[in-house]
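We name chains A, B, ... by the order of the sequence lines, and we start the count at 1 in each one. All values reported here derive from a predicted model rather than from experimental measurement.
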2 protein chains.
Amino acid sequence: MKPVDRREQDRLKTRTAILDATEEIMRKEGYAAVTSRRVAERAGLKSQLVHYHFGTMDELFQEAYRRNDKRFFDKYVKAIIAREPLRKIWELSSSHEGMDLVAEYLSAANHRKILRDEIVQTWSRFRALYISGIEKHYEDNNIDAGDFTPGVMAFLIIAIGGTLANERGLGFSEGHEEIIGFMEALLNKPRGNDRINRLS
Amino acid sequence: MKPVDRREQDRLKTRTAILDATEEIMRKEGYAAVTSRRVAERAGLKSQLVHYHFGTMDELFQEAYRRNDKRFFDKYVKAIIAREPLRKIWELSSSHEGMDLVAEYLSAANHRKILRDEIVQTWSRFRALYISGIEKHYEDNNIDAGDFTPGVMAFLIIAIGGTLANERGLGFSEGHEEIIGFMEALLNKPRGNDRINRLS
DNA sequence: GTCTATAGGCCGATAGAC
DNA sequence: GTCTATCGGCCTATAGAC
């Protein structure tokens, strides 16, 4: 048991409530709806407390982003370690949860420089994680990647997963089953055959 | 020569200036920076004129979107008619110009319902255009698409082009050359061979 | 840590003179 | 069509009492 200061506990509770409210608003109404007043209202607090705990709104966004990022990175690392890293990466990247927030933070980054720098860093880290997971998958299963190098596969998964999320956000799903079927086939393709992965 | 009313000319000139300013701000500072005051300032007008000519901001966004959409659709239709539709579609979708605005409108759509409906419509129309262009390419060159059906190719091009644009916007370009090389190979793949396009 | 109060700013939109 | 004037609203952030 770590030493639990009652004051520290309360402090964390309030901070968590604020971050939760921030995330919820961002998810449901978009980042532009994240204002100190709205966040406070949803958390059952006064808006000034948002500033007391997080300073400027920039800092609030930053900390909310970091918390989300940390969660996801940990989740993805576990997926990489699991038995079928490639499939798990695809499942996570094409799933609803999380990917919608990524798009929202990406939009917000246009107007908040700090957030942009933050995103670039984690984006790079995630890309490297994806690639290493895919490399591992290829090695473990003795697959000759052919044209579908780990870098290409990583980009494809990110691009397709992100676009699926964007279009779902619009309420548009034409061709989704088709592209998902394609990815399934790509992920399930026979192993140890250097012919089928080559484009020329 | 069509009848040119001097008043009508002036009216169009002002409207065009406002729409140009709107687009410029959206491109450089993001959609959130598009306010009646800022638009007017950049166009050398008073903010009230924005309302006079376009009514609400929703309507301004809508008309700016439509103008942009019309331009692009015409451009793409010409590309489809051209000699190498598939390659042209890829070039347009992966190019800088235009694709950044798409992302911005997509973000804006989260908070402006009218814009969302508008985007869904044109998104669907563009998807159909892509697919028909790719079908034509396959037929003209006697290509057996295999797993890379027109729907899959269209989605891939949109997803990869859009992601490239997003990442470029962040100042992030790791792996871009690699994925572009992959697409080049995919577009150049030998024709009339039903083997190399199959995943299994 | 949480409250009240408040400064100071930008926003959308309208009314009415010219 | 374009101007001046202006209302009402929501925002970030800070100061100071408790």
Side-chain angles (χ1 to χ4, degrees), chain A residues 4-22 24-26 28-65 104 107-115, chain B residues 4-22 24-26 28-65 104 107-115:
Chain A
V4 263
D5 186 345
R6 175 63 192 278
R7 290 168 189 278
E8 178 66 7
Q9 240 180 359
D10 286 352
R11 200 185 69 96
L12 283 178
K13 201 171 166 185
T14 304
R15 286 177 63 91
T16 300
I18 291 173
L19 291 176
D20 287 346
T22 300
E24 196 184 342
I25 292 172
M26 206 173 327
K28 289 184 181 167
E29 309 177 54
Y31 81 92
V34 175
T35 65
S36 52
R37 281 173 163 80
R38 296 246 232 163
V39 168
E41 187 189 20
R42 194 169 300 242
L45 306 165
K46 298 290 176 180
S47 73
Q48 295 87 334
L49 280 196
V50 174
H51 294 293
Y52 173 79
H53 284 283
F54 293 94
T56 68
M57 294 303 287
D58 262 348
E59 291 168 296
L60 173 61
F61 271 104
Q62 199 175 9
E63 296 227 26
Y65 178 78
E104 212 54 47
S107 304
N110 279 332
H111 324 105
R112 298 185 182 270
K113 196 182 175 307
I114 289 179
L115 205 48
Chain B
V4 262
D5 185 345
R6 175 62 193 277
R7 291 169 189 279
E8 177 66 6
Q9 240 180 359
D10 286 353
R11 200 185 71 96
L12 282 179
K13 201 171 165 185
T14 304
R15 286 177 63 91
T16 301
I18 291 173
L19 290 175
D20 287 346
T22 300
E24 196 184 342
I25 293 172
M26 207 174 326
K28 289 184 182 167
E29 309 177 55
Y31 80 92
V34 175
T35 65
S36 53
R37 282 170 164 82
R38 295 246 235 163
V39 167
E41 187 189 20
R42 194 170 297 242
L45 306 165
K46 298 291 176 180
S47 72
Q48 295 88 334
L49 280 195
V50 175
H51 293 294
Y52 174 78
H53 284 281
F54 292 94
T56 68
M57 294 304 286
D58 262 348
E59 291 169 296
L60 173 61
F61 271 103
Q62 199 176 9
E63 295 228 25
Y65 178 78
E104 212 55 47
S107 304
N110 279 332
H111 323 106
R112 297 185 182 272
K113 195 182 176 308
I114 288 180
L115 204 48

Measure [atom1]/[X] against [atom2]/[N] and give the value in whole Å, please.
{"X": "B/Q9", "N": "D/dG1", "atom1": "CD", "atom2": "P", "value": "12 Å"}
{"X": "A/K46", "N": "D/dC10", "atom1": "NZ", "atom2": "P", "value": "15 Å"}
{"X": "B/K13", "N": "D/dT2", "atom1": "NZ", "atom2": "P", "value": "11 Å"}
{"X": "B/E29", "N": "C/dC10", "atom1": "CD", "atom2": "P", "value": "14 Å"}
{"X": "B/L45", "N": "D/dG1", "atom1": "CG", "atom2": "C1'", "value": "11 Å"}
{"X": "A/I18", "N": "C/dT2", "atom1": "CD1", "atom2": "P", "value": "8 Å"}
{"X": "A/I25", "N": "D/dC10", "atom1": "CD1", "atom2": "P", "value": "15 Å"}
{"X": "B/Q48", "N": "C/dC11", "atom1": "CD", "atom2": "P", "value": "13 Å"}

Base, sugar-phosphate alone, or nothing: which one does [X] contact when heavy atoms must sit under 4.0 Å apart?
{"X": "B/R38", "result": "sugar-phosphate"}
{"X": "A/R11", "result": "sugar-phosphate"}
{"X": "B/T56", "result": "sugar-phosphate"}

Out of [options], which nucleotide sits closest to the side chain of [X]?
{"X": "A/H53", "options": "C/dT2, D/dT4, C/dG12", "result": "C/dT2"}
{"X": "B/L49", "options": "D/dT14, D/dC3, C/dC3", "result": "D/dC3"}
{"X": "A/Y52", "options": "D/dT2, C/dA15, C/dT2", "result": "C/dT2"}
{"X": "B/M57", "options": "C/dA15, C/dT4, C/dG12", "result": "C/dG12"}
{"X": "B/R37", "options": "D/dT14, C/dC3, C/dC11", "result": "C/dC11"}

Using a 4.5 Å cut-off on heavy atoms from C-beta on, say whether the side chain of [Y] contacts that of [X].
{"X": "A/F54", "Y": "A/L19", "value": "yes"}
{"X": "B/N110", "Y": "A/E104", "value": "yes"}
{"X": "B/L45", "Y": "B/V50", "value": "no"}

With a 4.0 Å cut-off, would you call B/R11 and B/E8 a salt bridge?
yes
On the nucleotide [N], are OP1 or OP2 found under 4.0 Å from the side-chain N or O atoms that [X] carries?
{"X": "A/T14", "N": "C/dT2", "answer": "yes"}
{"X": "B/T35", "N": "C/dC11", "answer": "yes"}
{"X": "B/H51", "N": "C/dA13", "answer": "yes"}

Distance check, rounded to the nearest 0.5 Å: A/H111 atom NE2 versus A/F61 atom CZ?
10.5 Å
Note: for B/R7 and A/A33 on DNA chain D, the residue whose nearest nucleotide lies more 5' is B/R7
